[in-house]
Chemist: 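Here it is, the structure in full.
Bear in mind that the values here come from a model prediction, so they are computed numbers and not experimental data. Lettering follows sequence order; numbering is per chain, from 1.
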Amino acid sequence: MNITSLCKKAVLAPLAGVAALGLVAGTAQAAGEFEGVEVNIMTFTGPQIAEPLQRRAPDFNAMTGAQINIVTVPFSDLYTKVLTDWASGTNSIDAAVFAPQWGVDYIVPGYMENLSARVAADENLQEDDIAQFFREFSQKFAGDTYMLTLDGDFQMVYYRSDVFADAGIAAPETWQDYVAAAEATHGQDMNGDGTPDYGSCISKKRSAQAYWMILSIAGGYLQSQGTSQGIFFDTETMAPLVNNEAFAAALDIYTATTAFGPPDEINLDVGDTRSLFTSGRCALTIDWGDIGTLAIDPDTSQVIDKVGSIMLPGSTSVLDRATGALVPCDAETCPHAINGVNRAPFAAFGGWSGGINANADDKVKDAAYAFFSHMSQPAQSNEDVTIGITGFNPYRLSQFGDLSLWVKAGMSETAAKDYLGAIQASLDSPNMVLDLRIPQNQAYQQVVLDNAISRLAAGEIDKATAMQAIEDGWNELNEENGVDDQLAAYRATLGL
Amino acid sequence: MAYLEARDRRDRVAEWVDRNAGKVFILPAVLTLLAFSLFPLLVSAYLTLTKLKFAAGGFTLRYVEWLNFKKLIFGSQQYHLLGTFDVFGIVDWLILGAIFALLLFFFVRYLIRPGTTVVGVVGRSVAFVVAGALALLLVATLGGGFPGSLVVTLFYVFAGVSVQFALALGLAVLCAQNIYGRNLFRVVFFLPIMVTPVGIAYMFRMLADTHKGPFADIWTWLGLADFSWAADPWTARIVVLIGDTWQWTPFMFIVLLAAIENQPRDQLEAARIDGAGGWQIFRDITWPAIAPVAATIVLIRLIEAYKIIDLPNVLTSGGPGIATESLTLHAFVAWRTQDLGGSAAVGYMLLFVATVTCLSFFNFAGRRTRRTEL
Amino acid sequence: MNIPERTLLRRLFLPYDITSMAPATKVLVYTLLVLWLLVVLFPLYWLFITSFKLPIQVNDGPDFIPFIDFEPSMHAWHYILFELGNDTLRPYINSVIVAFCATVFCVLIGSFAAYALVRIQYRVKIGNVLAFLALLGLTVFTVTSLGAPLFAAAPVAIILFVFFVAAVGRYFRRALGNDDILFWIISNRILPPVVVVLPVYLMFQRIGLLDTHIALIATYTAVNLPIVVWLMRDFFAGIPLDLEESAQIDGASRLRIFFTIVLPLARPGLAATSLLILILAWNEYLLALFISTADAQTMPMLVAAQNATRGPQWWYMSVLIVIMIAPIVLTAFLLQRHIARGLLVGAIKG
Amino acid sequence: MRVRMIDVRKSFGQNEVVKNLSLDIADGEFLVLLGESGCGKTTALRMVAGLETVSGGTIEIGDQDVTNVLPKYRNVAMVFQSYALYPHMTVAKNIGYPLKLRGTPAAELDAAVRAAAEKVHLEDLLHRYPRQLSGGQRQRVALARAMVRTPSAFLMDEPLSNLDAKLRIAMRVELKRLQSELGVTTIYVTHDQVEAMTLAHRVAVMDEGVLQQVAPPKEIYDDPANLFVARFIGAPAMNIVKGTVEDGTFAVPDGAVSLGSIAARGDVYLGFRPEDATLAPADEAMLRARIYSTEMTGNETIVTCEMNGEQVVVRADKDYEGTLDAAVGIDLDPGKARLFDCDNGRRIRR
C-alpha cells in the first residue's frame with residue numbers, strides 16, 4: 001500500500017458510500033434488468049472522462065447486470081472513429097461520450113438515437129437541475145434530445161492568487177491586462193524550487209485542443225451584441241470573420257503570450273499546461289473548469305488554495321462588422337460591457353456528452369441510456385464533478401448551489417466561491433460565445449483553424465497569411481458543403 | 001503392380017496436389033496479396049479522384065477528377081505537401097544547374113554506352129526526372145522557404161538511413177571483435193526493435209522533456225533552459241530522427257554483424273599474413289564481403305523508412321507548424337478529417353516517390369555490390 | 001627480418017598475439033560498446049522506473065534511482081492491472097490472438113510461396129496478367145462508380161477472364177518467371193499502409209468483418225507476407241534438393257515433404273522469421289487504428305490512447321509498454337541464437 | 001524387375017541432353033551408366049526415378065508403363081551422391097522413413113529397420129544423427145534406407161564418389177555382394193570406369209546424350225564400338241595414332257604396322273592398349289618415338305613416348321629404365337590393334 005492509493009481510498013471511500021446510498025434512493029432500475037447485455041462505450045483515453053465511467057461501470061453491472069466496456073482512443077481520433085464506425089455500419093460502438101458540437105455530423109445522417117422520450121420518462125435524471133445552457137446546447141438538436149450531458153465546459157482564466165497578491169497585480173480584465181500580468185510575473189520562482197517560472201501557459205500544440213484557446217481570446221473582440229451574434233461567420237453572408245482587425249488583435253495577443261510562456265509551449269497539450277500550472281510553474285493559464293478541481297488534488301497539486309479563477313478577459317474595442325475595423329466600446333457597440341470591457345465567455349466544447357448508436361439493439365440502447373442517466377444523476381454527478389481526475393466540471397444547478405460538496409472535496413470556501421462564481425458568471429453572461437455546431441465543424445476548427453494557428457505560432461507564416469489561410473480554408477469548406485446549407489445551419493445554432 | 005492400381009480417393013487427391021503443386025503452393029500467397037494490395041491499390045486509385053460525403057445510412061463518393069491532386073500540387077494544400085517556395089537566388093540556380101548537369105551526364109552516358117535497353121531508358125528517364133524534380137523542390141524549400149511533408153519525409157529517410165547504417169556498421173564491427181560478453185551486447189542491442197513504435201515515441205517524449213525528463217539538468221546546464229527543441233523545426237526533426245535511430249539501428253546491426261561473422265575465415269587469414277592492418281582488412285576484405293548484405297539491408301530500411309508516422313505523430317503531432325510531418329502522417333491527418341480522397345492522393349504521392357527511389361537504389365547498388373560475389 | 005622491439009608504447013598499441021587486441025584498442029572498443037549499451041538500456045530503464053513513480057514525482061522533475069531519489073509506488077500497476085482490469089485485459093488478449101494467429105498464417109502461407117518459388121519453375125503469360133489487371137480495374141470501376149453489385153460483376157469478370165485465357169491468351173508469347181513473381185511479391189512491401197488501408201477498410205466493411213480478429217489477422221498476414229517470402233526463400237534454397245527427391249522416391253507427397261523434411265530443416269529460419277513477424281504484428285498501430293474499433297482493439301491502441309487531456313499519463317503508459325515488451329523479449333530470448341543467422345541468410349541474396 | 005527405356009528423350013529448353021535412349025535392363029541385372037559429367041547419364045537415371053519428366057519415349061518398370069507416374073508410385077529406391085540423409089532424423093528414422101510413409105505398423109517397421117541396418121552393419125548406430133556419422137557410415141545408412149523395402153529397382157547416382165579411395169574400394173565390394181544377394185535390378189550411374197568395370201553385369205557408355213555402347217565390361221574393354229568408348233575406357237587410356245592404311249599396312253611417318261588383309265583406305269585411327277605394346281630398340285621396332293617421361297608405379301613402369309607430336313603410352317617392366325628424350329621403338333600386337341574411322345569414329349571391323 002502506498003501514499004496514492006491511500007489518499008485515493010481516503011477520498012473515494014466516503015464517496016462510494018454516498019454513491020451506494022444514492023443508488024438505493026434514486027434509481028428505479030430493476031436488479032438484473034440488463035443481465036447479459038454488453039455495451040461498448042467509446043470515449044477518449046482516461047483518466048479524464050473515462051475514469052468515472054470505468055469506475056462506475058462495476059456498480060452499474062452489479063445493479064443491472066449490464067456489462068459496460070469502456071473503449072478508449074486518443075482525442076484526435078475520437079470524432080473519426082465514432083463517425084466511421086457508425087457510418088460504415090460496423091456498429092461496434094453502441095454508445096459514445098464526445099463533444100456535443102460533433103453531434104450534428106452524427107445526428108443529421110441518422111446515426112444517433114433520439115432520446116427525447118426516454119428523457120421525458122426519466123424522473124431520476126432530474127433534467128430541470130441541468131443548467132439551461134447545457135440542457136439546450138449540449139443535449140438537444142433541432143428540438144429533440146440526442147445526448148446526455150455528463151460535464152459542463154467553459155473556458156476560464158486561472159491565475160496564481162498568491163503571486164498576484166505579492167506583485168500587487170489585480171486579476172486581468174482585458175487581454176492586454178493578461179499579457180501585462182504575464183510579463184510582470186514571468187521569470188519569478190513560483191513554486192520555490194529555485195528555477196524561474198512562467199508568466200503564462202497556454203496549450204498551443206498542433207492536432208490537440210489549442211484552437212479553442214485562440215477562439216477564447218478572439219471572442220471578446222468579435223462578439224459584443226450578445227450570444228446570437230456569433231463569432232465565426234457573418235450571419236447574413238456566411239463570410240468568415242477571421243480576416244479583420246479584431247481577429248488580428250486576438251492573434252497578436254496569442255503570439256504575445258508566447259514570450260512569457262515555457263519554451264516548448266508550442267508543443268504543449270492542454271494536459272501539459274494543466275500539470276505545469278498545478279505544479280506551480282505558471283502564473284496564468286486558459287483552461288476549462290478542470291484546473292479548479294485538479295488544483296485541490298493532493299496527489300498532483302502544489303497550488304492548493306493559491307488559485308484564482310475568473311471569467312475570460314475581454315477587450316475595450318470590438319469588431320465593426322461592416323468595415324472589419326476595431327472600434328472602441330461605447331453603449332451601442334458594446335451593450336453588455338462592464339467597466340467598458342466587452343467580455344465574451346466561450347462555451348468551448350460544451351461539455352462531454354453521451355450519445356447512443358441508433359442501430360444498436362434495443363436492449364443495448366436501453367442499457368446505454370440507463371448508464372448515462374445513472375452517470376448524470378445528481379447522486380453520482382455531484383461527487384464526480386468535485387474530483388479532479390474525472391475531468392467532469394459542474395453543469396447542474398445543484399452543483400453551483402451547494403458549496404458543501406466542494407468543501408468536502410477539499411476546496412476552501414473562498415476558492416469554491418471564486419471558482420463557481422467564475423463559471424456561473426460565464427453561464428449567466430448574455431454575451432456568451434457558442435461553439436461552432438455546423439456540419440463538418442471539425443474540419444473548420446480542428447483542421448483549417450488549427451493548422452493555420454500552429455503554423456503562425458511556429459513562425460512558418462505571418463499573421464496576414466494565417467488569417468488569409470483560415471478565410472480561404474473556411475470559404476472552401478463552405479463551398480464544398482453548400483454555402484446556403486451551412487448558413488442555415490449556423491443561424492439555427494444561434495437561434496436566428 | 002498393386003501400387004499403381006487400387007488407388008483410393010485420398011490418394012487421388014494427394015496425387016492431384018502433387019501434380020499441381022505449383023499452383024497449390026503459391027496460390028494462397030498470391031490471392032492474399034491480390035486481395036490486400038492489388039485490389040486496394042486500384043480502389044485507392046479511384047478514391048484519389050473522389051470526395052467522400054457522409055449521407056443518411058452510409059456515405060457517397062463524388063467524382064471530382066484530379067481535384068485532390070491539384071489541391072496538393074498547385075492549390076490550397078501545396079504548402080502542406082511540397083512546402084512554401086523561396087524566390088531563387090544565384091546560388092540556388094548554380095546548385096540546381098550543377099545537379100541537372102550531373103543527371104544529364106549520367107543519362108547521356110547510359111544512352112551512348114553499349115547494351116542500352118528500352119526498359120533501361122524508360123526507367124532511367126523516370127528516375128532522373130524525379131531526382132531533378134526533388135532537387136528543385138529541395139532547393140526551393142530549404143533555402144528560404146519552408147519544406148512540406150514530402151521534403152521532411154525525404155529527410156527522415158535519407159538522413160535516418162545513413163546515420164543508422166553508419167552506427168550499425170560501426171557497432172557490428174566492434175561487436176565482431178574477439179571480446180567477452182559478445183552475446184550480451186548482441187541481445188541487448190536487439191532490444192529496441194521489440195518495443196512498439198508508439199511506445200518508443202512516448203518514451204522519447206518522456207526523455208526529451210526538458211522540464212522533467214532525465215536530461216533536464218544537462219539541458220539547463222548547457223544554458224538551454226529557455227530553448228525548446230520542439231519549437232524549432234530542425235531540432236524537432238532531429239529529435240524525431242534520434243528516436244527513429246534508436247528503434248531501427250538494431251535491425252541493421254544484427255544483420256551486418258551476422259554478415260561480418262560469416263565472412264570467409266581463410267581470406268581474413270590470408271590478408272593478415274600479407275600484412276594488412278585492421279582498417280585495410282575492413283576495406284579490402286570485410287567490406288566487399290558484406291556489401292551485398294549491406295545493400296539489401298539498406299534497401300529494406302529505405303522501404304520501411306518511408307512509412308514513418310508514430311514518432312512525429314506522438315512527439316510533436318507534426319509540429320511545430322508542419323515541420324515534422326511525414327507523408328504518412330500527412331495522409332493520416334487527412335483521413336482523420338474525412339478527406340479520404342486527399343488522404344489517398346497523398347498516399348499515392350508517397351508510393352510514387354518510394355517506388356522510384358527504392359527501384360533506383362535496387363538497380364544501382366544492388367547490381368554493383370553483387371559483382372564482388374564469387 | 002625486422003621484428004619491432006616491444007617497448008611500453010608499442011605494448012599499448014600492438015596486440016600481444018594474433019588472437020587478441022591491443023590494450024588501447026580493447027579499451028576503446030569496450031568504451032564504445034558500453035556507451036551504446038547505455039544508449040539502448042537507459043530509455044528502457046527510465047520507462048521501467050517511471051512505471052513506479054507517482055504523478056507528482058514525475059512532474060517534479062527527474063528522479064533517477066528508486067528508494068534513493070524517490071519512493072517507488074505500485075499505483076500505476078494497480079490502476080492498469082486491477083482498476084482497469086478488464087479494459088486492459090481485453091486488448092491484451094486481442095493482441096495475443098491477433099499477433100500469434102497472424103504470425104502462424106503469415107509464416108505458413110509465405111513459406112509455401114517461398115518454397116514454391118525456389119523449387120518450381122513458373123511461366124506466367126504476360127497477356128494473362130494484363131487481362132487480369134484490366135478486368136480487375138474494370139470490375140472495381142463498375143462496382144465503385146457505376147454502382148453495379150459486386151456479386152454480379154465478379155462472376156462476369158471471372159468468366160471473361162477464363163474466356164480470354166482460353167481464347168486469346170496463348171497468342172502472347174512473353175512470360176514472367178520466378179524472379180518476376182518474387183519481385184512482385186516483395187514490391188508489395190513498398191506500398192505505404194495508408195494507400196491500402198482505406199480500401200481494406202471498405203472491403204471489410206462490405207463483408208461485415210470490421211473490428212474483428214479475422215480482419216486484423218488477415219491484414220497482418222498480407223502486409224507481412226513479402227518479408228516471409230523474402231527471408232524464407234534462401235533458407236529453402238539452402239536445403240539440398242537431394243533430400244526432397246529422396247523423400248519423393250521414398251513415397252512422400254509434396255505436402256508431406258514440405259511439412260516433414262523442408263520445414264524442420266528450415267527451423268532456424270522459421271524461428272527468426274516468426275519472431276520478426278510476431279514483433280511486427282504485435283506492435284502494429286496504424287492498420288489497427290483503422291480496422292479495429294472496440295471488440296478487436298489491440299494494445300498499441302491502448303498505449304497510444306494514454307495521451308490524455310491531462311497530459312500524457314507517463315506512469316500508466318510505462319506500465320502498458322513494459323507489459324507489452326515482456327512476452328516479446330521472452331520469446332526472443334528463447335529463439336535468441338537463431339535470430340542473427342536467420343535474418344542473415346535472407347538478407348544475403350536479397 | 002525389368003526396366004525398359006524406349007526411345008527416351010529429354011530436353012531442357014533448346015538443349016537436348018538425352019537423345020533417343022533405349023535400354024532394356026533385365027530383372028536382377030546390375031547395369032552401370034558410364035560417362036563423363038554432363039553426358040546425360042544422371043538425367044536418364046532421374047527419368048527412371050520420375051524426378052524428371054520425359055520429353056519423349058516410354059519408360060516401363062515390370063510390364064507397367066510408368067512414363068507419367070509420380071515417383072512415389074514407382075516403388076524404386078534411390079541412393080544419392082550426397083546420400084540425402086535427413087539431418088533432423090536419427091539413423092533409425094532415416095531408414096524407416098519409406099516404410100513410415102507407407103503406413104507400415106510400428107513393430108513391422110522396427111524389425112525391417114533392424115534387418116536392413118544389420119545388413120550394412122549399422123545396428124549399433126541406430127540412435128545417432130547423420131552428423132555424428134563418418135562418411136562411410138552415412139553411405140551405409142543411405143543403402144539401408146534403399147534396401148529397407150523391396151523396391152522394383154535400385155537407382156544409384158554416384159553413391160561412392162564422396163568416399164575416400166580406400167573406403168570406396170571396400171564399399172564397392174560390399175555393394176556388389178549386397179546386390180547379388182538381394183537380386184534387385186540396379187541402375188548405377190558413375191563416371192569412374194573402375195567402378196563400372198568391377199560392378200556391372202553390363203556397362204552402358206554415354207556421351208553427349210547418346211548411348212555409345214552397351215555390353216559386359218570385358219567386351220567394352222576389348223571390343224569398343226567406337227573411338228569414344230575406346231578412349232574412355234581403360235587407365236592409362238588406349239593409344240590412338242592417326243595414319244593411313246595401304247596394302248594391309250598402317251603407316252605413319254615414323255613407322256608402319258602390318259595388319260594383314262585389309263582394304264586400302266585413307267586416314268584412319270589406330271588404337272592399341274598400353275599393355276599390348278612393348279618397347280624395343282629404336283631401329284628394330286615398328287614405330288619410332290622418343291621417351292617423354294617414365295613413371296614407376298611399383299609393379300610396372302608406365303612409359304610415355306612422343307611420336308610425331310602425339311603421346312603414346314606403353315607398359316614396361318618395373319625395372320625398365322629409360323633416359324628422357326632417348327630414341328625408342330615400339331612394337332605392338334597387330335591382332336589386338338583396333339582401327340577407327342576418321343570421320344565418325346566408328347570401329348572398322350576387319
Chemist: So what's closer than 4.5 Å to chain B heavy atoms on C/W282: side chain, backbone, both or neither?
Modeler: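 Neither; nothing under 4.5 Å.
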Chemist: Identify which part of B/L167 has an atom lying under 4.5 Å from any heavy atom of chain C, answering side chain, backbone, both or neither.
Modeler: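 Only the side chain of B/L167 comes within 4.5 Å of chain C.
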Chemist: In terms of the angle between their ring planes, are B/F36 and C/F204 parallel, tilted or perpendicular, with boundaries placed at 30° and 60°?
Modeler: tilted
Chemist: Indicate yes or no for a side-chain donor-acceptor contact from B/D18 to the backbone of C/R254 under 3.5 Å, with no hydrogens or angles considered.
Modeler: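 A pair under 3.5 Å: yes.
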Chemist: Ring-plane angle category for B/F25 and C/F112, please: parallel below 30°, perpendicular beyond 60°, tilted otherwise.
Modeler: perpendicular
Chemist: Any side-chain heavy-atom pair from C/W314 and B/R205 closer than 4.5 angstrom?
Modeler: yes
Chemist: For chain B, which of C/V58, C/V195, C/L286, C/I120 has the most heavy-atom pairs under 4.5 Å?
Modeler: C/V195
Chemist: Would you mind checking which part of C/S187 comes under 4.5 Å of any heavy atom in chain B, side chain (CB onward), backbone (N, CA, C, O), both or neither?
Modeler: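 Nothing of C/S187, per the 4.5 Å heavy-atom cut-off to chain B.
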Chemist: Given heavy-atom pairs under 4.5 angstrom as the criterion, report whether the side chain, backbone, both or neither of C/L28 touches chain B.
Modeler: neither
Chemist: Whether the side chain of C/Y122 engages the backbone of B/G22 through a donor-acceptor N/O pair (distance < 3.5 Å, no angle test) should be reported.
Modeler: yes
Chemist: For C/L136, is it the side chain, the backbone, both or neither that has a heavy atom under 4.5 Å from a heavy atom of chain B?
Modeler: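 It is both, since atoms from each part get that close.
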Chemist: Angle class for the B/F185/C/Y30 ring planes (parallel below 30°, perpendicular above 60°, tilted otherwise)?
Modeler: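 If you compare the ring of B/F185 with that of C/Y30, the planes turn out tilted.
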Chemist: Answer with side chain, backbone, both or neither: which region of B/F215 has an atom nearer than 4.5 Å to a non-hydrogen atom of chain C?
Modeler: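 When you check distances to chain C, only side chain atoms of B/F215 fall under 4.5 Å.
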Chemist: I need the residue from C/G110, C/P193, C/A218 with the largest number of non-hydrogen atom pairs under 4.5 Å to chain B.
Modeler: C/A218
Chemist: At a heavy-atom separation under 4.5 Å, does B/I303 approach chain C through its side chain, its backbone, both, or neither?
Modeler: side chain
Chemist: So for B/T249, is it side chain, backbone, both, or neither that comes closer than 4.5 Å to the heavy atoms of chain C?
Modeler: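 For B/T249, the contact with chain C is made by the side chain alone.
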Chemist: Could you look at C/F105 and say if it's the side chain, the backbone, both or neither that has a heavy atom under 4.5 Å from chain B?
Modeler: neither
Chemist: Check each atom of C/I279 against the heavy atoms of chain B and say whether the ones under 4.5 Å are side chain, backbone, both or neither.
Modeler: side chain
Chemist: Less than 4.5 Å apart, any side-chain heavy atom of B/L191 and any of C/L41?
Modeler: yes
Chemist: Which residue out of C/R119, C/R189, C/M203 racks up the most heavy-atom pairs below 4.5 Å with chain B?
Modeler: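 Most pairs with chain B among the choices: C/R189.
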Chemist: Measure C/L225 against the heavy atoms of chain B and call it side chain, backbone, both or neither at under 4.5 Å.
Modeler: side chain
Chemist: Please state whether the side chain, the backbone, both or neither of C/I185 comes within less than 4.5 Å of a heavy atom of chain B.
Modeler: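 Interface part for C/I185: both.
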Chemist: Looking at chain C, which one of B/A45, B/G347, B/P192, B/P40 has the largest number of heavy-atom pairs inside 4.5 Å, strictly under?
Modeler: B/P40
Chemist: Against chain C, work out which of B/V17, B/V187, B/T355 has the most heavy-atom pairs shorter than 4.5 Å and name it.
Modeler: B/V187
Chemist: Give, as side chain, backbone, both or neither, the part of C/S318 having an atom under 4.5 angstrom from any heavy atom of chain B.
Modeler: side chain
